[in-house]
Amino acid sequence: MATRGRQAEAARNDLRLLQAAHEVFTTQGFDAPVSAIAKRAGVGMGSLYRRYRTKEELLQRLCLIAMERVVEAAEAALAEESPWAGLELYVRTCVGLRSGALAPVAGTIEVTDEMWRTSRKATELADRLISRAREAGVLRDDVTMLDVSLLIEQFSRPAPGPPSEQHQQVKQRLLAIALDGLRAPGRTELPGDPPSLEWYEGRWGRHP
């Protein structure tokens, strides 16, 4: 019983650390000291360093969790019978999770093999989701999977100032406008070429 109790406490501490780290990094910047994370989580620096030896390890873990949640969101979206309902669910879920909030850290940390694998799985599932919506005629033909992913990144960024109900209302309003902009047939020709997967992944580094 004592062992299980310690394991449960360690798991709770880890969850608090991860939640605090995500909030600190995405609001104060990735140069924020880890002491700010420990303070926000209500744990000692020793607890933090026993779990994550470096800031890079902590960021790698946060990025992997974000990718895993994107995979889960895509799987849930593909389970929807309606292609548009599935796409809308995916976008709203990812925005709600702020899955793209860690994108600015791209190129500053080493990408682990597990991160690459999970990212590729998320990309493949999202591509299936986008292709299904396009083939059903509900998504405009010139919108790609990466367009949607980058749109989610934009909506994942925190608003300036402290969180407020007004910020959330504005975000949901703008998200509704953006989603309508994705619908077929589309009224405005999109400028430039669509983003490439090579460019998108290249922001993080070279795939091994």
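It should be emphasised that the depicted structure is a prediction, and the values quoted were computed from it without experimental measurement.
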Short side-chain donor-acceptor distance under 3.5 Å, Ser47 and Arg50: yes
Between Glu88 and Arg92, is there a salt bridge with N-O shorter than 4.0 Å? yes
Please give me the minimum heavy-atom distance between Phe30 and Val105, naming the atom from each residue. CE1-N, 3.9 Å
According to a 4.5 Å side-chain heavy-atom criterion applied to Ile, Leu, Val, Met, Phe, Trp and Tyr, with indirect links allowed, do Leu89 and Leu87 form part of one hydrophobic cluster? no
Are Glu23 and Arg98 ion-paired here, with the side-chain N under 4.0 Å from a carboxylate O? yes
Leu102 side, atom CG; Ser156 side, atom OG - distance, nearest 0.5 Å: 9.0 Å
When rounded to the nearest 0.5 angstrom, what distance separates NE2 in His22 from OG1 in Thr26? 5.0 Å
Flag side-chain contact, heavy atom, 4.5 Å: Glu201 against Trp116: yes
Measuring from atom CZ of Phe155 to atom CD of Gln172, what distance do you get when rounded to the nearest 0.5 angstrom? 9.0 Å
Give the cluster check for Ile37 versus Leu64: same hydrophobic cluster or not, with ILVMFWY residues linked at side-chain heavy-atom distances below 4.5 Å. yes
At what distance, to the nearest 0.5 angstrom, does OG1 of Thr27 lie from CZ of Arg157? 15.0 Å
Has Arg69 got more than 12 heavy atoms of other residues, nucleotides or ligands less than 6.0 Å from its CZ? no
If you count the non-hydrogen atoms of other residues, nucleotides and ligands that lie under 6.0 Å from CG in Asp31, is the total more than 12? no
Qualifying residue, where the test is side chain to side chain contact (heavy atoms under 4.5 Å, CB included) with Met115 and the options are Glu110, Gln60, Arg120: Gln60
Side-chain contact, heavy-atom cut-off 4.5 Å: Tyr200 with Ser196? no
Working for side-chain hydrogen bond (donor to acceptor under 3.5 Å, both in side chains), residues Arg40 and Gln19: CA-CA 9 Å; Arg40 188 177 186 90; Gln19 291 172 336; over 6 Å; no
Output yes when Glu57 and Arg51 qualify as a salt bridge under the 4.0 Å nitrogen-oxygen rule, no when they do not. no
Between Glu56 and Arg61 (salt bridge meaning N to carboxylate O under 4.0 Å), is one present in this structure? no
Side-chain touch Leu58/Leu17, heavy atoms, less than 4.5 angstrom: no
List the steps and the verdict of side-chain contact (heavy atoms from CB on, under 4.5 Å) for Lys121 and Glu75. CA-CA 11 Å; Lys121 183 175 182 181; Glu75 290 173 340; 3.9 Å; yes
Which atoms form the tightest heavy-atom contact between Thr144 and Ile130, and what is the distance? C-CG2, 4.1 Å
Do Ile109 and Met67 belong together in a cluster built from hydrophobic side chains that touch within less than 4.5 Å? yes
Run the side-chain contact (heavy atoms from CB on, under 4.5 Å) check on Trp204 and Cys63 step by step: do they pass? CA-CA 11 Å; Trp204 291 88; Cys63 289; 3.9 Å; yes
Using the side-chain contact (heavy atoms from CB on, under 4.5 Å) rule, take Tyr90 and Leu125 through it: C-alpha gap first, then chi angles, then the decisive distance, then the call. CA-CA 11 Å; Tyr90 173 72; Leu125 290 170; over 6 Å; no
Gln169 atom CD, neighbour heavy-atom count above 12 within 6.0 Å: yes
Just how far is it from atom CG of Leu78 to atom CG of Leu129, taken to the nearest 0.5 Å? 5.0 Å
Determine the minimum heavy-atom distance between Leu139 and Leu182, stating which atoms define it. CD1-O, 3.2 Å
What's the shortest heavy-atom distance between Asp142 and Asp147, and which atoms? O-OD2, 3.8 Å
Polar side-chain atom of Lys55 near backbone of Ala32 as donor-acceptor pair, under 3.5 Å: yes
For the side chain of Arg140 and the backbone of Gly186, is there at least one donor-acceptor N/O pair under 3.5 Å apart? no
Distance col, row Gln168:CD vs Leu175:CG, nearest 0.5 angstrom, shows 10.5 Å
When hydrophobic residues are tied together by side-chain contacts of less than 4.5 Å, even through go-betweens, does Leu15 share a cluster with Leu97? no
Would you name the heavy atoms of Ala77 and Gly86 that are closest together and state the gap between them? CB-O, 3.1 Å
On a heavy-atom basis, which atom in Leu150 and which in Arg203 lie closest, and how many Å separate them? CD2-NH1, 3.9 Å
Quick one: are Leu18 and Leu62 in side-chain contact, heavy atoms under 4.5 Å? yes
same_hphob_cluster(Ile177, Leu151) at 4.5 Å side-chain heavy-atom cutoff: yes
